Amino acid sequence: MAEKSERYDHKSVESRWQAEWEKAGAFRTTGAAGGKYYVLEMFPYPSGKIHMGHVRNYSIGDVVARFLMMNGRSVLHPMGWDAFGLPAENAAIQHGIHPAKWTYENIDNMRGQLKRMGLSYDWGREVATCSPEYYRWNQWLFLKLFEKELAYKRRSSVNWCPECSTVLANEQVEDGRCWRCGTLVETRELEQWFFRITAYAEELLDHTYKLPGWPERVLVMQRNWIGKSVGAEADFRVEGSDESIRIFTTRPDTLFGVTFMSLAAGHPLLEKITAPERKEEVESFSARAKAEAKRMAVSPDEVEKEGVFTGAYCLNPLTGDRVPVYAANFVLMEYGTGAVMAVPAHDQRDFEFARKYGLPVKAVINPPGQALDPEKMDAAYVEPGVMVNSGPVNGIKSEEAKEAITRLLEEKKAGEKAVTYRLRDWGISRQRYWGCPIPIIYCEKCGAVPVPYDQLPVILPEDVSLTGKGLSPLASSEAFVNAACPSCGGVARRETDTMDTFVDSSWYFLRYVSPKESELPFREDEARYWMPVDQYIGGIEHAVMHLLYARFFTKALRDLGLHGFDEPFRNLLTQGMVCKEITRCQEHGYLYPEEAAGGVCKFCSKPVATGAVEKMSKSKKNVIDPDGIIGRYGADTTRLFTLFAAPPEKDLDWNEDGVEGSYRFLGRVWRLATENVELLKETIPLEPGLKIEGSARELYAATHRTIRKVTQDIEERFHFNTAISSIMELVNALYQFQTELDGKEPHSIEARVFREAVEAVILLLAPFAPHISEELWERLGNQEPVYRTGWPRWSEGAVKEDEVEIPVQVNGKVRARVRIPAGAAEEEARSLVMQDDKIAELTSGKAVRKFVYVKDKIVNMVVA
RNA sequence: GCGAGAGUGGCGGAAUCGGCAGACGCGCCAGACUUAGGAUCUGGUGGGCAACCAUGGGGGUUCAACUCCCCCCUCUCGCACCA
């Protein structure tokens with residue numbers, strides 16, 4: 001029956017179906033009846049071409065989207081461009097191309113690449129954040145936040161990246177380096193716009209406990225970043241002065257054990273209270289500490305903890321004890337109040353400091369059943385215990401003393417309960433060109449005046465000279481800078497900084513719900529229908545930055561009355577990295593594989609090291625270009641491999657042989673269908689009530705088991721690798737079964753079961769490899785395309801088996817396999833098992849001490 | 001140091017609720033077809049000659065442990081002078 005057929009030509013199949021989908025508007029968002037589902041992948045920066053990380057990210061999203069579409073859901077699956085950013089500007093500086101031209105050309109190219117991947121986006125909703133139609137709403141939202149005082153301007157010390165020549169937000173500094181280029185960050189004093197994300201610190205933290213669909217590690221990272229500490233603040237009056245030093249502590253229970261005070265190098269009181277004879281010493285120490293601050297942030301362990309006595313004393317608000325005030329290099333001005341009460345007996349760092357400078361140690365908490373002797377301690381005691389030397393709270397537990405002492409402070413009006421966060425407000429000013437202009441005008445008379453709503457958007461001018469040096473390129477455009485004050489009409493200047501591009505991506509998921517709306521950033525009714533995003537998919541690198549900003553925006557926009565939900569993303573999938581083996585020469589570092597032919601370095605002929613698998617990156621010379629792979633094997637194979645080689649959240653090892661394997665599999669599916677196409681086209685579908693027996697019955701059951709497995713793997717676990725492997729198993733079974741089809745008529749049960757199985761394979765494969773599925777589906781004579789065909793359903797009756805083969809263990813070791821009726825009761829199973837020759841032999845003359853039977857699963861008997 | 005996750009054949013990985021460890025794929029071996037094979041099809045493939053031994057190591061619970069409990073090791077990621 002099998003006949004020779006044309007070869008699987010992925011090129012023609014894929015381009016044909018991409019054109020068909022486009023022509024038919026196949027993936028336009030519809031209000032299907034099956035309930036809404038918003039699946040979103042993080043939109044890319046249009047750097048020029050997609051990389052394997054994108055391929056993986058978007059393949060995962062496309063499986064979800066196509067699966068749900070086939071299940072009749074109303075699916076929103078949009079794509080767009082995070083299109084403002086530095087690389088465009090750098091390209092302009094280096095190659096003289098205007099950032100807009102560079103960006104839009106890149107977008108065109110990358111859109112083409114995504115289309116060649118066959119992704120089911122509704123391109124009618126495409127957004128690009130660099131278009132005025134988009135960024136006018138950035139400006140609109142900025143003004144709304146400004147009105148609510150959630151956007152404000154202040155002069156402060158900020159992170160400055162000299163390489164990028166711009167300011168960075170705290171979230172964008174990693175280990176003291178720029179997140180983008182890795183350059184060590186400097187500090188500068190600048191006037192900057194901030195978003196008051198700290199106003200939402202508590203809610204942002206609180207809701208991390210209400211996001212069960214997020215990976216725990218992302219939530220933990222966000223909690224760490226927010227860094228809430230609960231404790232108390234207290235005032236220590238400075239002896240002989242009107243000033244007092246306000247401290248924050250998480251250990252108010254140790255307040256009676258304070259023996260000195262530490263101030264940060266930049267603490268404003270330092271200058272006022274330092275004794276004249278110590279001024280010089282303190283000042284030089286402070287200068288040194290400030291200079292060292294950067295190193296401190298990068299590697300705190302390498303910097304010696306030091307301090308210098310100011311000559312001043314302050315008074316413990318509860319005991320009246322007089323304690324010396326030190327300036328210390330480890331106290332951070334940015335955290336708490338910039339002053340720390342030092343309790344050497346119960347804080348390790350204070351302990352070391354006290355020992356170093358010969359300061360007293362006073363124990364106020366004893367371990368249960370012990371008494372601390374400060375003379376003999378060699379480390380601070382930081383655990384809870386029983387209060388001593390603490391006046392009114394002596395004898396109570398230290399955990400209870402926290403509250404008791406805080407109350408004492410409150411009674412004395414010398415302090416109160418306090419909460420501190422590590423989270424800082426989000427600095428959004430950027431001294432670069434290719435970003436969204438901040439809609440503010442400065443007037444000498446009226447100050448910072450918002451641009452009126454009806455004058456939005458403030459258009460980014462084109463005639464700007466880009467050098468990469470100095471401040472804000474926009475300042476060089478006279479036409480842009482000069483403006484009339486909206487308030488008094490007088491001469492005024494526009495703000496020349498642009499917004500952090502993370503602002504653009506903090507609400508783009510909302511624009512997708514109303515991409516063409518011209519009165520508002522999005523329509524409330526459409527947001528109510530589509531939001532929150534049901535499944536968000538992207539890389540872990542945005543665990544804090546983008547995902548925290550987007551959560552903040554969602555809450556702020558809610559409080560502006562623009563929508564009514566609390567969190568933007570119900571479920572979050574952080575996909576693993578795409579990795580590949582590297583080649584490395586001891587002397588010449590990373591090499592391209594072709595530079596190490598024969599296992600030796602092309603430059604020095606020394607043997608190279610291979611085997612280590614690392615994240616694909618240009619610098620490691622282990623990148624695979626998706627275009628090459630898609631050209632050679634096709635989009636279907638590329639998608640299939642990235643989904644098959646590892647579960648989505650794990651790292652993926654790129655392996656060309658594995659790609660070959662996926663290609664072979666699709667070839668097998670192709671031949672299975674095309675070589676039997678005549679028979680398959682003539683065969684009529686199965687109908688209920690047919691009696692199916694023998695190997696046909698087995699294939700029938702296998703088909704339905706596969707449908708069940710693939711369905712459950714996709715919808716319950718996102719385990720696409722096991723879903724694909726079970727399709728492969730069914731294909732293997734079909735190849736076996738094929739030999740029985742010889743001479744069978746199209747109306748035979750065998751042919752009909754075969755047809756059902758082949759069709760199931762094609763439909764189950766469609767979310768993973770959509771082009772080949774459409775092509776084969778059509779060749780089998782189906783009128784409706786796959787994307788309009790329902791997802792196959794399994795029948796419980798088909799899946800159920802009459803007999804099962806179960807392993808029989810004797811003393812824990814499998815000794816036989818026995819066929820028993822499915823669902824057999826223990827007595828029946830036992831009698832069948834004991835009749836087995838092997839088992840009878842092993843148990844003869846011995847007592848069966850225990851007989852364990854797990855229905856349809858296993859028998860284990862203990863024999864002695 | 002704290003927190004999260006991981007450790008299974010030559011490799012990627014599977015085992016969903018404590019029930020046959022190694023599905024599926026790669027690689028490798030053999031055979032078939034073929035002028036040819038880097039195409040395709042079929043079969044084999046954890047180790048050991050075997051009894052048996054095997055899921056990072058050691059204990060434990062259980063009829064039964066990759067899975068649960070205790071101790072330890074290694075790796076990845078995050079946090080870390082945060083008062």
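Convention: sequence-line order gives letters A, B, ...; per-chain numbering from 1. Source: prediction; values computed, not measured.
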For the pair made of [atom1] in [X] and [atom2] in [N], what is the distance, rounded to whole Å?
| X | N | atom1 | atom2 | result |
| --- | --- | --- | --- | --- |
| A:K855 | B:C63 | NZ | P | 22 Å |
| A:N676 | B:C41 | CG | P | 13 Å |
| A:R717 | B:A15 | CZ | P | 5 Å |
| A:D653 | B:A6 | CG | P | 18 Å |

**Asked** How does RNA chain B look in dot-bracket form if you count Watson-Crick and G-U pairs under 3.5 Å, write [ ] for pairs that cross, and put | where a base pairs with another strand?
**Response** (((((((..(((......[....)))((((((.......))))))((....))..(((((..]....))))))))))))....
**Carboxylate-amine/guanidinium proximity below 4.0 Å for A:K709 and A:E729** = no
**Basic-acidic side-chain contact under 4.0 Å: A:R246, A:E416** = yes
**Prompt:** Under a 90° cut-off about 0 for the syn range, is B:C28 syn or anti?
**Reply:** anti
**Syn/anti state for B:G9 [syn: chi within 90° of 0]** = syn
**Request:** Check the angle between the aromatic planes of A:H10 and A:Y8 and answer parallel, tilted or perpendicular using the 30° and 60° thresholds.
**Result:** perpendicular
**Fill in**
By nearest-heavy-atom nucleotide on RNA chain B, the more 5' of A:I540 and A:V862 is A:V862
**Message:** Using heavy-atom distances to pick each residue's nearest nucleotide on RNA chain B, tell me which of A:K857 and A:D713 is more 5'.
**Reply:** A:D713
**Asked** How far, in whole Å, is B:C52 from B:C29 if one measures between their P atoms?
**Response** 32 Å
From C-beta outward on [X], which listed nucleotide comes closest to its side chain: [options]?
| X | options | value |
| --- | --- | --- |
| A:K813 | B:C20, B:C53, B:C41 | B:C53 |
| A:Y735 | B:A83, B:A21, B:U42 | B:U42 |
| A:R664 | B:C41, B:G19, B:U40 | B:U40 |

Can a donor-acceptor pair be found, under 3.5 Å and without considering hydrogens, that links the side chain of [X] to the backbone of [Y]?
| X | Y | answer |
| --- | --- | --- |
| A:H346 | A:G257 | no |
| A:R223 | A:T208 | yes |
| A:D321 | A:N316 | no |

**base_contact_polar (B:U62 base, A:K850 side chain, donor-acceptor, <3.5 Å)** = no
**Prompt:** Hey, is the side chain of A:D657 pairing donor to acceptor with the base of B:C26 inside 3.5 Å?
**Reply:**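 There is none.
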**Sugar-phosphate only, base, or nothing, as touched by A:N811 at under 4.0 Å among non-hydrogen atoms** =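 Nothing, no heavy atom under 4.0 Å.
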**Request:** Determine: side-chain N/O of A:R668 to OP1/OP2 of B:C41, distance under 4.0 Å, yes or no.
**Result:** yes
